[in-house]
Each structure stands twice: as C-alpha cells, then as structure tokens.
Amino acid sequence: MGALLMSIIRVEGATKEYYLGKTVVPALRGVDLQVEKGEFLAIAGPSGSGKTTLLNLIGCIEKPSAGKVSIDGVDTAHLTSDELADLRATKIGFIFQNFNLLPVLTALENVEYPLSIRKIPAREKRRKARQLLEAVGLSRFLHHKPLELSGGQRQRVAIARAMVADPAMILADEPTANLDHTTGQEILNLMKQMNAERKTTFLFSTHDPKVMAIAQRVVPLSDGIVADPQR
Amino acid sequence: MTFTLALRNVFRHKTRSIITLSTVAFGCVALIFVGGFFEDTFYKMREGYIRSYAGHLQVFKQGFLEKGAAKPFDYLIDNPGEIITLIQGIEAVQYVTRRIEFAGLISTGENSTSCIGQGIEPKNERSVRQSDVEKQFQSRGDLSLLVGNVIETGDPLKEDEGFAVLLGRGLASSLGAQVGDGLILVSHTIGGSINAVDVSLKGTFYTSTKDFDDHFLRLPLAGAQKLLHTDSVQSLVILLKKTEDTARVKAELRHLFQEKGLALELRDWEEINDFYTKTRALFGRFFLILKLVVAIIAILGIFNTMNMAVLERTAEIGTLMALGTKQKGVAALFLMEGGILGALGGGIGIIAGIGITRLIASIGIPMPPPPGATMRWVSEPMIVPWTILFAFALSMAASLLSSFYPAYKASRLEIAQALRYAG
Ligand SMILES: Nc1ncnc2c1ncn2[C@@H]1O[C@H](COP(=O)(O)OP(=O)(O)OP(=O)(O)O)[C@@H](O)[C@H]1O
Ligand SMILES: [Mg+2]
C-alpha cells in the first residue's frame, strides 16, 4: 500500500482489559493493525482470542484500555459518545453473528433505519433501501418481518442495512457462524461482491479456515495479540 | 421512525400491554366515575339546600348580620317594594321573595315548644307534595333533593290564609300535633309586648336539612306581620336561574345598593351555611387519596412494563446504538413507548369512563340521606370535563414519570456489553 494513502483504520498498541471482580482479564494485549481502503480482511483466531473485542474497538463501541484507534484519520480517544454515534452512523456498518435485526420492523424498514438516524428524507430513504435489498436479492421480501425470513435471508437484510448509508467500512463479527455451510458461503460471496463493486472496506472475524480462504488478507489473532503480522 | 418503532414495540407483547393499558384505563374509569359521583352529590346537596331554604342570596338591612341575632327587629326593611323592583331588574334573577323570622312558642294547649317562625310568600316558595316526590323518586323525572320543601302531610300554604301554619316534621312530632289541629302561636311583637294568635295546622313539611325540620314553622307573611305588629320584612331572598351566577349577581347588587344609597347588606348561600363548603373540602380529600392511589398503580404498572422491556431488549438497544443511535435517541424511544401506553390507557379509560358513568347514571344509584339530611335520593354521576382532563393528564404524567428511569437506564447501557447479552 502506498505511504501517501491514509489508512482507513489504524490501531496502535491497543490493549483491553476486563475486570471480573478483582481478576483482570486481558482480552487484547497490544494490537497494531492498519487497514487500507477497499480491503477485504479476515481476523482469524480461536474462541476467546479477542476477535470481538478488536472489532468493538475499531467499531467505536468500546474504548481501548491503552493505545490508539484512528478511523479515517480521526483519533477516537477524545470523542464524546454523541460524536462516536455520529461517526458510527456515517462511517461504519455492522453485521452481527445473530443478525440483530429489529424484530418489529420489516426488512425494508430495517434497512431504512440507519438512514433515518441521519435524517434522510422518506422518499430517498425508501429508494435506497429498496435498491440495497434488490442488490442482496431480496426484492420479494421487502415487507417481511425478520421472523418470517430464513437465517441466510436475515443476514442478507443485515448486509443491506450495513451498506445502505454508504459507510467507509463494514465490520462483521463471525457473520456466518449461525448459518449452514452453503448459506455461509453465499453470504461471504455477497460480501465479496459488494466489496468489489462498491470498494467498501470489509473486516470480518472468523475461526473457520474455509472462511479465511476467501479473504484477501488474514490477520491471525491469538491470545489477544496478532500472531504474525507479516503474513 | 422512532414513533413507528415505539408504537410497534408497545404491541410486541400483546397480553402484557393489554394488562398495562387496562390498569391505566381502569384508574381513569375510577377517577371519572367517582369524580362524577361526587359532583352529582355536591350538586344535589347544594341545590336542595338553596331551593328549600337559603336561596342564592339574602338581602338584609345594614347591620343585621352583625347585631341582628340579639335585636332582630331593629334591623327590618321598611320599603321592600322598591328594592324588589331593583333586584328583579337583573336578568339572572328568577324571583325575589320576602321573609320575616321570629322566635316563638307553639302550643297545642297541652304541649308547648319553642320554635322559629318564618313568614313567607307561599307563591314564591316552592313546595311539593310527598306523593309527587314518591312518584319522582321512582321515575326520577325530577329529583327529590331539588324540589325544595316537601309537604309530608296536609296541604301547602296559601297566600290569603294568614293564620294557617306548616310545621317541620321534627317539630310536629315533638309537639304531637296533627293536621287540622288548632294551635296557639306566641311571640314578642316588634314593640316588645307579647302577642298570641290562634293558628290551624295546615300540614307538615321536610327539607334536605334535618336541623331546619326540627325547629321551623312556616306561615304566610301577612299572618306573621300581624303577629309581630309590623308591615316591614326582615329579608329578601333571591333565587337565581343558575347557581354559578351567585358571585356575579352579588357584586352587581352590592354596587347597585351603594349607588342608590340603600343601607343593605348581602349574604350568599355559602356564607349562610358552610356545611356544603366543608363537605366539599372533605370529599376533595377523599378524591385526592383516590387520585394518589390511581397514580401509584399506574406508575407501578408502567414502570414494571418498561423495566422489563429494557431488560428483554438489551441486545436490541446495543444494536440501535451500534448503528449510530445516540443516547438521547434511545431514551426518547422508551419515553415515547411509555407515553403511548399512557395516552392509549388514558384514552381508553376516558371512553370507558364516560360510557360506564353514563350507563350507571341512567340506571341511578339509590342513596341514603346525606349527613344532616332526611331525604333518600338517587345518585346520577355526572360527566365532569375537568375530571376527564385530569384523568388523561394523570395517566400521561404517570407513564412519562415511570418511563423516565427505564429510559435513562437503556440510554446508559454499554454498547459492547449490551451486544454480548444476546449470547
Ligand atoms: N465483558 C467482559 N468481561 C470480562 N471478560 C470479557 C468480557 N468480554 C470479553 N471478555 C474476555 O475477553 C476475552 C476475549 O473475548 P472476545 O469475545 O473478544 O473473544 P472472541 O475471539 O470474540 O471469542 P469468540 O470466538 O468465542 O467470540 C475472552 O477471554 C473473554 O472471556
Ligand atoms: Mg466473538
């Protein structure tokens, strides 16, 4: 990557410790990571290695105990919770292992939600949400509630929701862990396709070697540190 | 979108929401019904009192109210005609009637008892026969409390029968007198000598006030004036078309009297007997307690619902925040859900409250006599707009208040923790 290009994500010496009563649980123990625009990157590691924690730091929903996280050149350390919310709303899309759709909203309304946070006019909102749902192949399910959709379909809605506000990056924590193999592959292919077509940066975590295979770059995480950053 | 989300969340758990809404609605129904019941009670008590005895306003000679008790005959109105014309000129006035009161002794020849005599103009002082009251009580066409004096036995007074009397039923029974009996009525004249006249007992009466029935005797004004050796009257009693006009007419009259240089003073029905005001204050307290109980039940009900909602939806709240919803956005969502519960519960409560109150009013609740009274009556709870407004405001306030803490708690969740909550 060219030195002139500003990394979209820059994590420097990030640590995270949790406290369980008096015991300290080190979840991350000094992680350095740079991600460039348009990358399709996997964070791989066994259970408990700190994947979720790292994605949370990058997603600005948790702050590191020490170290620095910059998103698109902005150091997030001193942002208020409202500023962080704005940053997430404009720059970051989330895909979750459990899909995390709002059960009372239809597929279309779920995809519209990030746009309504940004106060986009109703027509524009509807148009973009439809467009995204079409792009993930769900044009026939616009008015279905999450409970009326299969797991794979739900994750497609989640992808559409993550993409709808044109974020700079999408963070996906084990997006295929609750799906069967074939469906998981389809979801990954869809993400890959979105990455290729729209140049959106994708960061996803997994402990499945088959999933790692599709990634452009794999960052192995083990026991809270990047095992082999040179790889 | 927050509103859509809030509205759908409210109906997510139908049974739970219906129970919460019922709690709030039931509270509103209780307030509307009880408020309407009290209002009807006050109304009938007040009107009964005004129409049977007090009138809306009483006019006396200046000084009577302060010193009249000791020397009543020093404060008589000598030229009532002019004043009556003046009063009748006011649009809100239904009629004015003259009265004179005196302390006397009534005797059958065997038994004697002290009494308060009241010379009245029978044509102006409404009275109704007991048999008609019974009919009215059954059909509830007009209410017994509203009729004024009820003639229990015998006949009403007539203008030209100067020495016929009606006795209050308590007085009649303590005297042991029967309709048709000849009685002797004794009193001081205004000159201070003693006078006695033969009177015939025309009938017995009762009013809404037991105290009155135990001591009063009524006779036509002309007879009373003859007994007392005077052409003057003691008071002018004014009945208005509407009780609400009392204060306004009182002020207007006071002004008129001053303008014409008339040395008169005025007293309104509330000043004559503060029983109504006191009862109203007492019932006001009862009602306040009911309001508090309803508020607490509503607050607890909604608090429980909202608190459970926050717990159950922890992961969902985390998701909303991860997607970029601000803390105040999350708080607004939960406050709105509480607000919707309050508005719906209040709305349903108002509709049900009005319906139930109307229904019960149309059937009527037979009631025992109110304190200090002797008449049975039928309660027909009223629809009181102010109470309806209050019930709605209370359910809104209670629901917002009780959503406040859950909303705050939701907005302060740590996003990462909340997301992990999903498992
Ligand atoms: N809230 C918390 N309190 C205490 N310890 C925590 C907390 N969250 C995470 N941890 C610990 O931090 C470590 C890293 O957790 P993390 O969830 O990031 O791992 P992971 O790689 O995502 O695991 P998995 O594959 O099971 O999701 C683990 O040891 C975990 O027990
Ligand atoms: Mg994890």
Side-chain angles (χ1 to χ4, degrees), chain A residues 16 18 27 52-57 59-63 80-106 108-120 122 125-126 129 145-147 158 161-162 164-165 167 171 173 178, chain B residues 1-18 305-306 308-334 336-338 340-341 344 407-423:
Chain A
K16 182 74 188 177
Y18 292 107
T52 300
T53 309
L54 179 57
L55 283 176
N56 284 351
L57 295 190
C60 302
I61 59 182
E62 252 180 321
K63 291 200 167 175
T80 65
S81 87
D82 277 3
E83 287 166 338
L84 289 172
D86 279 334
L87 183 82
R88 289 193 298 272
T90 50
K91 298 240 162 101
I92 307 172
F94 286 91
I95 297 170
F96 303 93
Q97 178 178 342
N98 296 313
F99 324 128
N100 290 28
L101 298 176
L102 297 174
V104 295
L105 299 183
T106 63
L108 189 62
E109 289 164 338
N110 263 290
V111 179
E112 284 176 8
Y113 186 82
L115 297 175
S116 45
I117 295 177
R118 298 176 61 183
K119 308 219 160 42
I120 307 284
K125 222 163 59 174
R126 191 122 299 195
K145 296 258 175 83
L147 279 176
R161 179 177 70 178
V164 74
L171 307 179
D173 192 9
N178 276 341
Chain B
M1 186 140 230
T2 309
F3 184 74
T4 316
L5 199 53
L7 193 65
R8 297 217 191 132
N9 280 329
V10 165
F11 288 105
R12 197 154 160 180
H13 295 280
K14 292 217 172 53
T15 319
R16 190 203 295 166
S17 292
I18 286 169
T305 304
M306 297 304 297
M308 261 159 93
V310 172
L311 267 182
E312 286 167 356
R313 278 154 56 194
T314 298
E316 201 176 306
I317 295 163
T319 308
L320 290 175
M321 288 165 111
L323 296 181
T325 309
K326 293 184 179 148
Q327 290 181 329
K328 55 178 180 279
V330 171
L333 176 67
F334 281 90
M336 210 178 270
E337 289 182 25
I340 291 171
L341 280 174
L344 278 178
Y408 175 80
K409 210 169 73 172
S411 75
R412 294 289 143 157
L413 285 176
E414 296 228 13
I415 309 171
Q417 302 290 79
L419 283 170
R420 280 180 201 269
Y421 200 86

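Chain A is the first sequence line, chain B the second, and so forth, proteins listed ahead of strands; every chain is numbered from 1.
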Of the backbone (N, CA, C, O) and the side chain (C-beta and beyond), which part of [X] lies under 4.5 Å from a heavy atom of chain B, both, or neither?
X	value
A:Phe99	neither
A:Arg118	neither
A:Lys91	neither
A:Thr90	neither

Euclidean distance, B:Leu323 CG relative to A:Ile61 CD1, rounded to 0.5 Å: 10.0 Å

Approximate separation, where rounding is to 0.5 Å, of A:Asp86 CG and B:Lys326 NZ: 3.5 Å

Taking all non-hydrogen atoms of both residues, which atom of [X] and which atom of [Y] are closest, and how far apart?
X	Y	result
A:Phe96	B:Ala322	CZ-CB, 4.0 Å
B:Arg8	A:Val104	NH1-O, 2.9 Å
B:Met1	A:Glu109	CE-O, 3.4 Å
A:Leu102	B:Leu320	CD1-CD2, 3.6 Å

Among A:Asp173, A:Ile117, A:Ile92, A:Thr53, which residue has the highest count of heavy-atom pairs closer than 4.5 Å to chain B? A:Ile117

Side-chain contact, heavy-atom cut-off 4.5 Å: B:Met321 with A:Ser81?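 Side-chain contact under 4.5 Å: no.
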
Heavy-atom check, side chain of A:Asn56 versus side chain of B:Ile415, under 4.5 Å: no

Checking A:Phe94 against B:Thr319 for the side-chain contact (heavy atoms from CB on, under 4.5 Å) test, could you report, in this order, the C-alpha distance in whole Å, the side-chain angles of both residues, the deciding distance, and whether it holds? CA-CA 9 Å; A:Phe94 286 91; B:Thr319 308; over 6 Å; no

A:Glu83 atom CD, over 12 foreign heavy atoms within 6.0 Å: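 More than 12 heavy atoms, drawn from other residues, nucleotides or ligands, come within 6.0 Å of this atom.
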
